Amino acid sequence: MKFAHLLAASSLALMAAAGAHAKTLVYCSEGSPEGFDPAPYTAGTTFDAASQAVYNQLVEFKPGTTEIAPALAESYEISDDGLEYTFHLRPGVKFHTTDFFTPTREMNADDVIFSFLRQGDESSPWHQYVAGITYEYYSGMEMPTVIKEIQKVDDLTVKFVLTRPEAPFLANLAMDFASILSKEYADKLEAENRKEDLNNAPVGTGPFKFVAYQKDAVIRYQANDDYWAGREKIDDLIFAITPDPAVRMQKLQAGECHIMPYPAPADIEALKADENLQVMEQPGLNVAYLAYNTTVAPFDNPNVRKALNMAMNKEAILEAVFQGTGQVAKNPIPPTMWSYNDAVEDTAFDPEAAKKLLEEAGVSDLSMEIWAMPVQRPYMPNARRTAELMQEDFAKIGVKVEIVSYEWGEYLKNSTDPSRKGAVILGWTGDNGDPDNFMGVLLGCSATGDGGANRAQWCNKEFDDLIQKAKVTADQAERTKLYEEAQVVFKRENPWATIAHSTVFMPMSKKVSGYVMNPLGKHSFSGVDIEE
């Protein structure tokens, strides 16, 4: 019997099961996770439900920062040549004991090696344990070519040997895809012929233990009594899945949930005015964009892409969609990130010049698709409305647009298809504070192809040479120069229409304390308390 069949039947049952005297925090999540294994996915919604709640990494970011701190590795050393990273694992770390798994040993080097090699080794029985999954981050961060081998020195010591120096490597290991899973649990699932439960019923070392999930409705967690960093103050954590921002707001104001993400821009002032609520905010380390498929005519022509960008009234999109909660984007990285090139000039809004460029390119009667994501994200409050405004703008230069969408998981998967038609609205919130996490992951040649994060399928040698050189350069001033040059190439070639960088808001009950906004856009409830 699959684990899913054993789950509770309703959200009401789950909330009742939390217990009358337990301290319970309810988070009105904006969507459902794609799964509970962080490695095959890229959506923040999935990371919030999986890695942020259930798992840990070797190193992690200090709350509210992009500064690296020890986690499952209590210390580490880097060789002088930058080719060896030795991690000393924290002794006594326990994996979760749940209704479906009881560990017989503590976390050790075998778990670390399993967690990484299954992503990079195509011959591993755990590489494709769910049909069709890809390891977009592992590939996008070039881990298959960067990691030469992972050595078990002893039970509590692991050494990563690299093929080249890699400036972002340590920051990459703090990302969600690098979560450490239990090899013992995986072995048990394989022996019982239910490997898919690695993605359905997670077992980690993190602050909360997974209890149950009712698809598209609710996820329930309990505090991990054996958490190596100390037991959490709340007893039960509930994700009440609520895609509609208006309904999330109603639930928050009614006290049915305590924290909600991604309020509609039009509702922010009302939320701030509610005497029972507090509203945190900070500039988002993010970008929203429209990615053309640069391998499909006529979008393989930079001048066609430029013409479309010139026809787009981004100020109107900011006013109608973001409503004062963002700024127009001109670069693929946000202005809050080091190496941002402010000298770059944005493409001017000029529909007449856009028409002329299309004529010069020999393009007429162009019809195209614009994909509009079905969910609200921190970088994009309303993709459908954004697509409608683009549709109106493009019509003025004679380009006919059909707006299409898919379920969120399908949208993310289909948008990586190299044969995809048209252009896709998407965005990115930084994962580790390094420019490579935007320019390498989203625009590098290694991220093209099916399953890659380069939705534009854009492989430009001049751009790629610059970012590859930056990756192996330790000096940040030199890296900055290289990334600044890369942004100039990006703007000249226009693989995207850069849309906006948003401000992120987090409304919550005044009963909540200890919540820290994450500059990387994740939602963690470690350290959070609620007044009873």
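Just so it is clear, the values below take in all heavy atoms, side chains as well, and ignore hydrogens, waters and symmetry mates. All of these numbers come straight from a predicted model, not from anything done at the bench.
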Between [X] and [Y], is any pair of side-chain heavy atoms under 4.5 Å apart?
{"X": "Glu192", "Y": "Asp197", "answer": "no"}
{"X": "Ile234", "Y": "Phe208", "answer": "yes"}
{"X": "Tyr76", "Y": "Thr86", "answer": "no"}
{"X": "Thr134", "Y": "Ser139", "answer": "no"}
{"X": "Tyr483", "Y": "Leu466", "answer": "no"}
{"X": "Val158", "Y": "Gln151", "answer": "no"}

Can you name the side-chain hydrogen bond (donor to acceptor under 3.5 Å, both in side chains) partners of Thr503, sequence neighbours left out?
none

Looking only at heavy atoms, the pair that brings Phe299 and Arg305 closest together is O-NH1, 2.7 Å

Minimum heavy-atom separation for Leu156 to Arg90, with atom names?
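Result for this residue pair: CD2-O, 4.4 Å.
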
Could you grab the distance from atom CG of Leu72 to atom CE of Met107, nearest 0.5 Å is fine?
4.5 Å

CZ of Arg455 to CG of Leu290: how many Å apart, nearest 0.5 Å?
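Answer rounded to 0.5 Å: 13.5 Å.
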
Does atom NZ of Lys469 have more than 12 heavy-atom neighbours from other groups under 6.0 Å away?
no

Just wondering, are more than 12 heavy atoms of other shown residues or ligands nearer than 6.0 Å to NZ in Lys522?
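Atom NZ in Lys522 is crowded, with more than 12 foreign heavy atoms closer than 6.0 Å.
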
Angle between ring planes, [X] versus [Y], binned at 30° and 60°: parallel, tilted or perpendicular?
{"X": "Phe525", "Y": "Tyr515", "value": "tilted"}
{"X": "Tyr289", "Y": "Trp496", "value": "parallel"}
{"X": "His127", "Y": "Tyr135", "value": "tilted"}

With a 3.5 Å distance limit and no angle check, can you tell me whether Tyr221 reaches the backbone of Ala49 through a side-chain donor-acceptor pair?
yes

Give every residue pair that meets the salt bridge (Lys or Arg N to Asp or Glu O under 4.0 Å) criterion with at least one member in residues 54-75, sequence neighbours excluded.
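Matches after skipping sequence neighbours: Lys62-Glu67.
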
Go through Trp428 and Asn437 one step at a time and tell me if the side chain to side chain donor-acceptor pair (under 3.5 Å) criterion holds.
CA-CA 9 Å; Trp428 193 259; Asn437 184 244; 3.2 Å; yes

Ring centres of Phe47 and His523 under 6.0 Å apart?
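When the ring centroids of Phe47 and His523 are compared, they turn out to be at least 6.0 Å apart.
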
With a distance cut-off below 6.0 Å to the six-membered ring centre and an angular limit of 45° from the axis, does Arg118 pair with Phe114 as a cation-pi contact?
yes

